[in-house]
Asks: 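Take this structure first; my questions come after.
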Amino acid sequence: MEPSQPSREITQKHENYAEAHGLLLEQAVEKIVLFAQQVGVTPEEIISLLDSGISIRDLLAFLASKRSGVA
């Protein structure tokens, strides 16, 4: 049985939404990694921090503090 037209439209909209937000997430991660490298934090260290339970907000604060020389 083939899905109805409204069902296909909803599926397509969901796929478009997921694709757009996936691209935004990818761009955000790239920017975080590039900034981290500028302040001397490797991608592996970012992963380790995230694995240890640090939140994204705290990771960004940590990176900002490295930039200002506080950490």
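Just the heavy atoms: all of them, side chains too, but no hydrogens, waters or symmetry mates, feed the values below. Because the structure is predicted, anything quoted here is derived from the model rather than measured.
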Asks: Would you give the length of the straight line joining atom CG of Leu63 to atom OG of Ser68, rounded to the nearest 0.5 angstrom?
Replies: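 With rounding to 0.5 Å, CG (Leu63) is 11.0 Å from OG (Ser68).
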Asks: If you measure from OG1 on Thr11 to CD on Glu15, what distance do you get to the nearest 0.5 Å?
Replies: 6.5 Å
Asks: Please, which pairs that meet ring pair (Phe, Tyr, Trp, His ring centres under 6.0 Å) have at least one residue in residues 34-54, sequence neighbours excluded?
Replies: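 Found none.
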Asks: According to a hydrophobic-cluster definition based on side-chain heavy atoms being under 4.5 Å apart (Ile, Leu, Val, Met, Phe, Trp, Tyr only), do Phe62 and Ile56 belong together?
Replies: yes
Asks: Give every donor-acceptor pair under 3.5 Å between a side-chain atom in residues 44-55 and any protein atom, sequence neighbours left out.
Replies:
| residue | atom | partner | partner atom | Å |
| --- | --- | --- | --- | --- |
| Glu45 | OE1 | Thr42 | N | 2.7 |
| Glu45 | OE1 | Thr42 | OG1 | 3.3 |
| Ser52 | OG | Leu49 | O | 2.7 |
| Ser55 | OG | Asp58 | N | 3.0 |
| Ser55 | OG | Asp58 | OD2 | 3.4 |

Asks: Going by heavy atoms in the side chains, are Val41 and Gln37 under 4.5 Å from each other?
Replies: no
Asks: Val33 and Leu25: same hydrophobic cluster, using ILVMFWY side-chain contacts below 4.5 Å?
Replies: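 Looking at the clustering, Leu25 is in the same group as Val33.
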Asks: Give every residue pair that meets the side chain to side chain donor-acceptor pair (under 3.5 Å) criterion with at least one member in residues 19-31, sequence neighbours excluded.
Replies: none
